[in-house]
Structures are given as C-alpha cells and as structure tokens.
Amino acid sequence: MSDYLLGIESSCDETAAAVITADGKILANVISSQIPLHARYGGVIPELASRNHLMSVSAVVRQALSEAGVSLGDVGRIAATRGPGLLGALMVGLQFAKGLAMQSGAELVAVHHVEGHITAILLEEGGEHPHGPLTFPYVALAVSGGHTSLYLVSAPGRYRVLGVTLDDAAGEAFDKVARVLGLPYPGGVEIDRLARQGDVGAIAFPRPLKGKQNLDFSFSGLKTAVKLYHDNLTAAGQPIPAADIAASFQEAVVDVLLRKSFAAAHLNGVQDVVISGGVAANSRLRTRMTELAPQAGLKGHLTRPILCTDNAAMIAGAGRFNLPLERAARLSIEPFASGQLV
Ligand code: KG4
Ligand code: ZN
C-alpha cells in the first residue's frame with residue numbers, strides 16, 4: 001500500500017472525503033453536511049440526499065486532496081463506504097470511488113460503515129483516553145442515528161457482534177424525542193444542549209432490557225414513554241418542563257448504553273471500552289463514561305467528537321484493514337442498505 005489513502009463516505013446526509021497516511025495520520029477531513037437541506041422536512045429525504053451527494057462529491061474529494069497536498073496519482077488506496085445506509089446515497093460515493101480507482105490505478109476497498117465508527121479511535125489522536133492507552137481486545141459501542149451495537153474488537157479487522165438494537169437506534173430516539181419537544185432536526189445535539197438546564201432525576205423514564213446478561217438494546221418503549229408523558233401534560237393543559245424531560249430522557253439512554261457496554265466488557269474479560277458514532281459526541285455520555293468506567297474497573301476511551309459523527313477519515317482508516325479488490329472485480333461491488341458487521 002502506498003503512503004496515502006483516500007476515504008469517501010456518502011451513506012446518509014454527509015458527503016465526506018479524507019486523506020490519511022498508512023499509519024493513520026489525518027491530513028484532510030472534509031465534511032459537506034446536507035443538514036440545512038433536510039432540516040425543513042424534519043428528517044433525511046433519501047432522494048434529495050442522493051442528488052446532493054452527486055452534486056458535491058467531486059468538489060469534496062478535490063478539496064480533501066488539495067488540503068492534504070496530495071495528488072490523485074499519489075493515492076495508493078481508495079476506501080469507500082459500501083453500506084449500510086441509504087442505497088441511492090451509497091451508490092453515489094461508491095461508484096465515484098470505482099471510477100477514480102479505475103482511472104488512477106489505485107487499489108479499491110469497500111468499507112462497512114460501522115467498521116469505520118468502531119475503529120475511528122485507532123486514527124492518530126483519534127480519541128480521548130482519560131484512563132490510559134487503548135489496548136486490544138476492546139469492546140466498542142457504535143451508537144448513531146442508524147445503529148446501536150456492541151462489538152468485541154480483537155484486532156484490526158477482527159470483530160464479533162455482542163449485542164444489537166431490537167428496534168430504534170439511540171440516535172433515532174434522540175431525534176424523535178427532540179421532535180416531540182419541538183426542537184429542530186437533527187435533535188441529538190439540541191437535546192444535549194437543553195438537558196444542561198434540566199434535572200436528570202426529574203422524571204423516572206424506563207431503562208429497557210435491564211438484565212446484566214442481555215447485551216441487546218431497545219429504545220422504542222422509552223421514546224413512547226416520553227411522548228406519553230408529554231401528551232398527558234398537554235392534554236391536561238399543564239406546562240411542559242422541556243429541559244427536565246430532555247435531561248431525564250438523556251440520562252436513561254446514557255445509563256443503558258454505559259451499563260451494557262460495561263457488562264459486555266466484564267462478560268468477555270476485557271478492560272478497554274470505546275464509544276463511537278454520532279451519539280458518542282453527547283456531552284453527558286462522555287462525562288458519565290469518564291466518571292463511571294474506573295468504578296467498574298474499566299478503561300474508558302472517547303472517540304474525538306469530529307470522528308464520532310459521520311466522516312471519511314474513519315472510512316479511510318478502516319480501509320487499511322481490508323483486502324483490496326482485484327481490478328477486474330471492482331465493477332462488481334454493489335452498495336448494500338443494511339447488514340451486520342461480523
Ligand atoms: O454517526 P452519525 O453521524 O450518523 C449515522 O451513522 O447514523 O450519527 C447521527 C446521530 C443523529 O441521530 C444525531 O442526533 C446524533 O447522532 N447525535 C447526537 C449528538 N450529536 C449527534 N446525539 C446525542 N447527543 C449529541 N451531542
Ligand atoms: Zn454513522
């Protein structure tokens with residue numbers, strides 16, 4: 001592999017391109033967000049996302065190469081997200097990567113989006129390590145708008161699924177609760193902000209699938225509990241304590257995420273626990289991880305916020321661990337909308 005990798009990510013509403021070195025140093029990490037485009041509809045509109053990726057991908061890749069001071073001819077490997085994600089959106093980034101690789105002769109690797117999230121911490125300065133350096137094997141929580149899963153990462157490229165969500169992803173619950181409270185999309189960061197003025201113990205929302213041996217998640221009941229609480233107050237003509245609702249809801253999510261991540265580490269005899277994905281940017285989750293991991297006898301690691309939400313540096317990073325495809329096979333790679341990382 002040459003010294004430089006180009007990553008391309010287009011699975012949802014961010015068109016992103018990044019250039020990293022083979023040892024994981026980030027030279028450029030360009031993210032063009034479509035959030036303002038989708039916000040007026042309260043969520044991502046897949047067709048709009050695809051069209052927008054198409055309009056931006058070329059400029060975003062060019063900007064990443066130029067910021068890194070690297071020409072396409074110097075890129076030894078191109079890594080693009082293959083899935084899971086919005087099919088049309090994925091198709092744009094992946095086909096663009098195929099074309100670039102065909103033209104430049106670079107190797108092409110297709111990357112699982114969640115592999116990007118759970119290995120972003122391995123990029124140089126990729127994380128905050130309040131309890132010491134990261135060692136393998138580690139337990140990784142991938143928690144975003146599309147995923148809430150626990151993995152055992154025994155080495156780069158070696159993963160085992162320990163738990164998955166049975167219904168909504170945690171980020172999806174954040175976004176839906178935000179909508180109930182009348183906050184703009186995407187709601188996770190808005191809830192994070194509002195919750196700072198609220199009382200985490202004000203309302204006892206449920207902690208779903210509490211059992212210590214159960215590493216699966218479920219957030220749909222919690223989301224409904226918040227909506228019912230809100231609707232009952234509205235029907236009774238009472239004021240809505242939005243900050244307390246935000247803080248108490250967020251506390252329930254954080255509580256479940258950390259409890260299960262710690263249980264996963266204990267059940268697998270692992271000391272190091274990593275949080276990754278968009279929801280891992282949540283300030284309360286980060287604070288509680290730092291406070292509680294040592295009490296559980298564990299070392300907590302926080303992926304840097306810019307590498308938590310969707311980006312292409314993590315895709316390039318994960319692309320280092322995958323085998324490149326033969327030139328002739330490249331045209332046969334197809335995007336996929338869903339799928340487990342095993
Ligand atoms: O990883 P990501 O950018 O995209 C997916 O792969 O889904 O995650 C996006 C999700 C959204 O649901 C967003 O509301 C949530 O991450 N999110 C947050 C925060 N920042 C982003 N949730 C809670 N607190 C935050 N600070
Ligand atoms: Zn993601």
Side-chain angles (χ1 to χ4, degrees), residues 7-16 18 29 31-35 38-39 42-44 46 49 80-86 89-90 93 111-121 140-149 151 165 168-181 183-196 198 200 217 219 222-223 226 246-247 249-258 274-289 302-315 317-318 337-339 341:
I8 299 177
E9 153 66 32
S10 68
S11 66
C12 191
D13 57 352
E14 265 97 26
T15 320
N29 190 16
I31 301 168
S32 166
S33 173
Q34 302 179 6
I35 285 174
H38 299 285
V44 179
T81 306
R82 183 183 185 188
L86 302 172
L90 287 162
V111 171
H112 194 293
H113 182 80
V114 178
E115 183 177 7
H117 277 306
I118 64 177
T119 58
I121 194 103
L141 171 72
V143 59
S144 69
H147 313 275
T148 306
S149 330
Y151 296 90
T165 179
D168 290 5
E172 202 179 336
F174 265 98
D175 295 339
K176 287 179 179 163
V177 164
R179 196 191 285 205
V180 167
L181 295 179
L183 300 169
Y185 174 86
V189 70
E190 301 289 337
I191 297 245
D192 191 345
R193 200 172 297 141
L194 183 62
R196 285 176 208 157
V200 297
F217 300 90
F219 291 105
L222 170 60
K223 176 192 71 187
V226 176
F249 157 76
Q250 178 176 270
E251 200 66 6
V253 176
V254 166
D255 201 16
V256 170
L257 292 176
L258 289 182
V274 169
I275 55 172
S276 65
V279 178
N282 181 267
S283 62
R284 182 69 182 163
L285 179 61
R286 298 175 84 83
T287 304
R288 292 300 278 161
M289 173 69 144
L302 314 170
T303 305
R304 251 202 300 155
I306 188 68
L307 296 178
C308 281
T309 40
D310 285 349
N311 66 88
M314 70 181 193
I315 301 303
S338 59
L341 171 62

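FYI, the numbering just counts along the sequence from 1. Order of listing sets the numbers, starting from 1, for every ligand and every atom in it. Everything quoted here is computed from the prediction, not taken from an experiment.
At a 4.0 Å heavy-atom cut-off, ligand 1 does not touch Ser283 at all. By the criterion of a heavy-atom distance under 4.0 Å, the side chain of Asp192, and not its backbone, is placed next to ligand 1.
At the shortest separation from atom 12 (O) of ligand 1 among protein heavy atoms lies Asp175 OD2, 2.8 Å. In this structure, the protein non-hydrogen atom closest to atom 7 (O) of ligand 1 is Gly145 N, 2.9 Å. Protein heavy atom in closest approach to atom 24 (N) of ligand 1: Asn282 ND2, 3.0 Å. If you check which protein heavy atom lies closest to atom 22 (N) of ligand 1, you get Gly188 CA, 3.4 Å. For atom 21 (C) of ligand 1, the nearest protein heavy atom (residue, atom name, distance) is Gly278 O, 3.4 Å.
For Val44, the side-chain contact (heavy atoms from CB on, under 4.5 Å) test picks out Cys12, Asp13, His38, Ala49, Leu86, Tyr185, with sequence neighbours left out. Every residue was checked against the side chain to side chain donor-acceptor pair (under 3.5 Å) condition with Thr148, not counting sequence neighbours, and none meets it. With sequence neighbours left out, Arg179 forms a side-chain contact (heavy atoms from CB on, under 4.5 Å) with no residue at all.
Here the closest non-hydrogen pair linking Ala18 and Ala313 is CB-N, 3.3 Å. Thr309 and Gly278 make their closest contact through CG2-CA, 3.8 Å (heavy atoms, listed as atom of the first residue, atom of the second, distance). Between Ala170 and Val279 the shortest heavy-atom distance is C-CG2, 4.3 Å.
At least one heavy atom of Ala281 lies less than 4.0 angstrom from ligand 1. In this structure, Gln250 falls outside the shell of residues with a heavy atom less than 4.0 angstrom from ligand 1. Remark: distances from the non-hydrogen atoms of His113 to ligand 1 include one below 4.0 Å.
Against a heavy-atom cut-off of under 4.0 Å, Thr309 is close to the following atoms of ligand 1: 3 (O). Below 4.0 Å from some heavy atom of Cys308 lie the following atoms of ligand 1, by number and element: 1 (O). Interface of Gly171 with ligand 1, defined as ligand atoms under 4.0 Å from a residue heavy atom, comprises 12 (O). Near His117, with a cut-off below 4.0 Å to any heavy atom, the atoms of ligand 1 are 1 (O), 6 (O).
Atom NE2 of His112 is separated from atom OG1 of Thr119 by 12.0 Å, given to the nearest 0.5 angstrom. Note that the NZ atom of Lys223 and the NZ atom of Lys176 stand 4.0 Å from one another [nearest 0.5 Å].
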Review point. When you look at Ile315 and Ile8, which way does the side chain to side chain contact (heavy atoms under 4.5 Å, CB included) test go after all the steps?
Key: CA-CA 7 Å; Ile315 301 303; Ile8 299 177; over 6 Å; no

**Study point:** Worked check of ring-ring contact (aromatic ring centres under 6.0 Å, His included) between Phe174 and Phe219
**Key:** CA-CA 10 Å; Phe174 265 98; Phe219 291 105; 8.7 Å; no

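In terms of polar-atom proximity, defined here as any N/O pair under 3.5 Å, Gly146 does make such a contact with ligand 1. The shortest N or O to N or O distance between Gly187 and ligand 1 is not under 3.5 Å.
Remark: among candidates Asp310, Leu285, Leu307, the nearest residue to atom 4 (O) of ligand 1 is Asp310, based on non-hydrogen atoms.
By the 6.0 Å contact criterion, CD1 on Ile35 is enclosed, its count of non-hydrogen atoms from other residues, nucleotides or ligands being greater than 12.
Between the side chains of Ser32 and Gln34, no donor-acceptor pair is found at a separation under 3.5 Å.
Looking at heavy atoms from C-beta onward, Met289 lies out of side-chain contact with Arg286 at the 4.5 angstrom threshold. Looking at Ile31 and Ile306, their side chains come closer than 4.5 Å, going by heavy atoms from C-beta outward.
Protein N/O/S atoms found under 2.8 Å from the Zn ion (ligand 2): His113 NE2, His117 NE2, Asp310 OD1.
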